[in-house]
There are 2 protein chains.
Amino acid sequence: MSSSSSSLSSEPGGPGLRVTVSDVAAAAGVSRATATRALKGEGRFAPETQERILAEAERLGYVRNTMAAELAAGRTGTVGLMLRDASNPAYGLLFSRLQDEAHRRGLDLVTVTIGADEQGAEQVNALHRLLGMRVAGLIVATGGITAAQLEPFADQVPIVRAGRVETATGIHTAHYDDPSHGTMLASHVLSLGHRNVVVLSGASDVSFAEHLRASAMRETLVAGGASVTLLSAGAAPTEGVDEALAAVRDGATAVMCASDYRQLAVMRASRAAGLSVPGDVSVTGCDGILPGADLLGLTTLRIPVEAVAAAAVETMQRLLSPDADSDSDSDSESTVRQAFVGTLVPGTTAAAV
Amino acid sequence: MSSSSSSLSSEPGGPGLRVTVSDVAAAAGVSRATATRALKGEGRFAPETQERILAEAERLGYVRNTMAAELAAGRTGTVGLMLRDASNPAYGLLFSRLQDEAHRRGLDLVTVTIGADEQGAEQVNALHRLLGMRVAGLIVATGGITAAQLEPFADQVPIVRAGRVETATGIHTAHYDDPSHGTMLASHVLSLGHRNVVVLSGASDVSFAEHLRASAMRETLVAGGASVTLLSAGAAPTEGVDEALAAVRDGATAVMCASDYRQLAVMRASRAAGLSVPGDVSVTGCDGILPGADLLGLTTLRIPVEAVAAAAVETMQRLLSPDADSDSDSDSESTVRQAFVGTLVPGTTAAAV
DNA sequence: GTGAAAGCGCTAACAA
DNA sequence: TTGTTAGCGCTTTCAC
């Protein structure tokens with residue numbers, strides 16, 4: 001049977017994996033050492049020898065055993081990515097962009113994810129999975145893991161946090177400037193004339209990003225002379241919605257949500273309660289990632305996912321490059337911390353009072 | 001300096017990684033073998049010895065080198081997942097559910113993704129990355145990789161395709177029943193009285209799922225006595241939209257899109273063109289994953305992501321379990337192929353003629 | 001240009 | 001119960 005047109009054809013009846021360099025070397029009539037060099041194209045070897053080795057490797061369907069290779073070489077070519085549950089489009093997009101960017105820069109990423117609701121144990125487990133692989137670097141895109149858990153490894157492997165700010169020393173970040181986001185949205189709402197506003201957010205231990213946004217909203221609103229009702233809810237976007245609408249009936253003219261998910265929940269509830277948006281109540285969110293947000297006319301803020309992803313990967317790449325320091329407890333290289341600001345999307349769910 | 005409350009504290013000034021079993025063993029005054037056993041809690045050892053070893057390991061911040069461990073053990077505990085670009089919520093959700101399910105069943109997943117638009121080279125590269133890690137199994141959740149590329153490895157490692165149907169032998173699947181989805185949506189549109197319909201889809205090489213849906217739509221519509229205009233567009237959801245609206249002006253009363261993304265594009269364009277939905281034209285999509293789809297009133301079909309994810313992981317787990325066969329080219333174990341049907345979501349974007 | 005030899009860190013019989 | 005002994009598959013000096 002002739003092999004298919006694929007370049008991955010393997011021996012007729014034979015294996016393909018579990019073919020070792022030794023097999024390839026033997027088939028080509030050279031030693032393991034030569035085969036290794038020729039296969040990765042490094043070191044010295046005769047061009048024609050390489051050709052023969054490559055041909056045999058392909059014929060046998062050889063796939064290098066990465067574990068053995070990296071173990072022997074003592075280094076790793078991949079960067080680990082810890083990701084939060086990607087069912088949230090904001091994380092899905094971040095994931096996608098991190099991946100693209102890494103690919104563009106020639107970095108290999110392996111990802112482990114953690115359920116959105118998981119507690120410490122699972123996070124630590126995931127961290128260990130990655131560290132156990134002796135990844136060359138770590139990009140952390142989940143708030144669920146604490147600085148204390150990361151810090152012990154910060155001087156052994158570069159760690160870049162993506163999305164969320166981090167105060168621990170030695171851990172670099174490329175993060176969203178959530179306080180600014182809150183401020184921008186609040187300013188918009190103030191400019192529309194609202195002076196009695198509900199701020200609906202997840203509690204700080206549920207979503208730190210939401211907490212930062214909400215705090216900034218509150219401050220800006222208060223500074224602008226508005227009366228503010230701050231509602232700290234649980235993770236489920238429907239939580240706190242009833243209270244928010246109750247506050248509206250008591251005179252609030254706008255509900256500012258710390259995320260688009262909550263905004264959607266508020267709009268659903270408003271519709272169900274017969275309140276018109278923005279007629280009876282203005283509503284704002286934050287994220288701006290949802291496809292279709294424009295059709296809904298969401299008033300939100302588009303977070304700079306692309307910029308954060310690019311910066312995170314770029315930082316990682318730089319940390320991985322020709323410098324080799326900090327083997328002692330040096331502060332020779334300072335911690336990189338970059339914040340990125342998104343753009344306001346006015347929409348039609350918020351109108352002048 | 002006392003260590004933080006974290007359970008990951010490492011030696012004061014010392015490393016944490018690059019601590020080996022030998023170090024732990026030495027510190028505890030035992031041999032490597034004993035340390036290994038105690039650390040993984042298998043085999044024989046004195047409880048008090050274990051306690052001492054565990055304590056030393058923690059004190060030193062020991063993290064087992066997975067590569068070495070799996071290389072030595074000759075097996076791997078992780079399953080590889082090949083994923084398509086997660087910026088599409090449908091894939092993001094599938095990813096999330098696969099992850100959850102794997103976790104529930106005690107399977108470790110490592111993921112590599114491929115950009116949505118990447119061609120063969122990148123796909124093969126990703127496949128090799130996973131195979132190089134000698135993963136115990138492979139779950140493929142991207143249509144970008146062909147059966148021909150997968151097949152050579154099908155008898156060396158269990159492969160389960162998630163989402164898309166597969167005809168190659170030896171490759172199991174848990175997939176969406178897209179033809180049924182197309183039929184269900186078309187039946188709905190027929191039942192609303194439409195007899196002049198545009199079907200807007202990605203070409204088969206752009207999205208096989210869309211192609212399957214669109215084909216079924218067309219057949220069902222034709223069988224129902226409708227006149228059908230089939231538009232095969234490129235990957236970008238805006239492609240083909242103008243043609244679709246042109247057809248509407250020529251008398252079509254409904255535009256059936258093969259995905260929700262295209263549906264959104266059509267709605268945007270309709271709005272821009274001053275056509276009311278569903279007044280002037282009914283529009284349908286397919287996926288039903290978008291948060292906020294309900295607020296938009298999208299007429300769509302919710303694909304059974306959860307069922308597919310659960311089935312894919314369950315199949316994988318079963319393939320990984322106590323049976324060990326097919327070392328020869330046996331057909332002893334038949335190929336598992338499960339199709340799942342979603343549920344119609346009527347919405348308000350499609351109305352009676 | 002090529003090969004021989006010594007491991008990388010860990011596991012798994014088998015002895016002790 | 002614990003230690004000894006071989007490797008897993010690959011890379012990498014260092015001679016030839």
Side-chain angles (χ1 to χ4, degrees), chain A residues 15-54 56-57 60-78 128-129 131-136 156, chain B residues 15-54 56-57 60-78 128-129 131-136 156:
Chain A
L17 287 182
R18 80 190 54 174
V19 172
T20 74
V21 253
S22 301
D23 297 325
V24 176
V30 296
S31 71
R32 290 214 313 271
T34 303
T36 296
R37 289 187 223 112
L39 284 171
K40 53 159 41 179
E42 287 173 7
R44 276 167 273 285
F45 49 80
E48 73 157 39
T49 306
Q50 179 184 36
E51 206 171 315
R52 192 157 27 97
I53 293 175
L54 257 31
E56 285 305 321
L60 297 171
Y62 172 70
V63 177
R64 174 198 277 102
N65 185 323
T66 316
M67 300 185 300
E70 301 194 323
L71 177 59
R75 55 195 156 53
T76 298
T78 63
H128 271 76
R129 292 247 305 290
L131 291 173
M133 292 178 155
R134 294 300 189 270
V135 290
Q156 320 195 37
Chain B
L17 287 183
R18 79 192 53 176
V19 172
T20 74
V21 253
S22 301
D23 298 324
V24 175
V30 296
S31 71
R32 289 213 314 269
T34 303
T36 295
R37 288 186 222 113
L39 284 171
K40 54 159 39 179
E42 285 173 6
R44 277 165 273 284
F45 49 78
E48 72 157 39
T49 306
Q50 178 184 38
E51 206 170 316
R52 192 157 28 95
I53 294 174
L54 256 31
E56 285 305 321
L60 298 171
Y62 172 70
V63 177
R64 175 199 277 100
N65 185 322
T66 316
M67 301 185 299
E70 301 193 324
L71 177 58
R75 55 191 157 53
T76 298
T78 62
H128 270 75
R129 293 247 305 290
L131 291 173
M133 291 177 159
R134 294 300 189 269
V135 290
Q156 321 196 37

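Quick caveat, the model's predicted, so the values are computed rather than measured. In what follows, every heavy atom counts, from backbone to side chain, and hydrogens, waters and symmetry copies are set aside. In what follows, every chain begins at residue 1, and chains take the letters A, B, ... in the order their sequences are listed.
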Whole-Å gap separating P (C:dG1) and CD1 (A:I53): 13 Å
Minimum-distance nucleotide to A:R75 side chain [options: D:dC8, D:dT12, C:dT2]: D:dT12
Spacing of A:L71 atom CG relative to C:dG7 atom P, expressed in whole Å: 14 Å
Distance, rounded to the nearest Å, where A:R37 contributes CZ and D:dT13 contributes P: 11 Å
Closest to the B:A46 side chain, choosing from D:dC8, D:dC10, D:dT2: D:dT2
Validation row: A:N65, B:R134 side chains within 4.5 angstrom (heavy atoms): yes
Short side-chain N/O contact from A:T49 to OP1 or OP2 of C:dT2, under 4.0 Å: yes
Side chain of B:N65 - closest among C:dC10, D:dG9, D:dG3: C:dC10
Sugar-phosphate, base or nothing in reach of A:T20, heavy atoms under 4.0 Å: sugar-phosphate
Test item: B:E42 side-chain N/O and B:R37 main-chain N/O as donor-acceptor pair under 3.5 Å: no
B:A33 side-chain proximity, nearest of D:dG3, D:dT11, C:dT2: D:dG3
Whole-Å gap separating C1' (D:dT1) and CZ (B:R52): 12 Å
5' priority, DNA chain D, between A:V21 and B:V30 [closest heavy atom]: B:V30
Minimum-distance nucleotide (side-chain atoms of A:K40 versus D:dT11, C:dT11, D:dT4): D:dT11
Check: A:E56 side chain, A:A28 main-chain N or O, donor-acceptor pair, under 3.5 Å: no
Heavy-atom donor-acceptor pair, A:T34 side chain to A:V30 backbone, under 3.5 Å: no
Below 4.0 Å: OP1/OP2 of D:dT2 and any side-chain N or O of B:S31: no
Sugar-phosphate, base or nothing in reach of A:A73, heavy atoms under 4.0 Å: sugar-phosphate
Proximal nucleotide (of D:dT12, D:dT2, D:dG9) relative to the A:A68 side chain: D:dG9
Nearest-angstrom distance from the residue atom CE of B:M133 to P of D:dC10: 15 Å
C:dT11 phosphate, OP1 or OP2, under 4.0 Å from B:T36 side-chain N/O: yes
Which nucleotide in C:dC8, D:dC10, C:dC10 has an atom nearest any side-chain atom of A:Y62: D:dC10
Sugar-phosphate, base or nothing in reach of A:R64, heavy atoms under 4.0 Å: sugar-phosphate
Atom-to-atom span, CG of A:D23 to P of D:dC10 - whole angstrom: 8 Å
Separation of C:dC10 P from B:L39 CG (nearest whole Å): 9 Å
Nucleotide nearest B:R32 (side chain, heavy atoms from C-beta), chosen from C:dG9, C:dT2, D:dA6: D:dA6
Expected output: side-chain B:T76 to main-chain B:A136 donor-acceptor under 3.5 Å: no
Spacing of B:E42 atom CD relative to C:dA12 atom C1', expressed in whole Å: 11 Å
Value rounded to 0.5 Å, distance of CG in A:L39 from CZ in A:R64: 6.5 Å
Nearest-nucleotide 5' precedence on DNA chain D, B:A72 against B:G29: B:G29
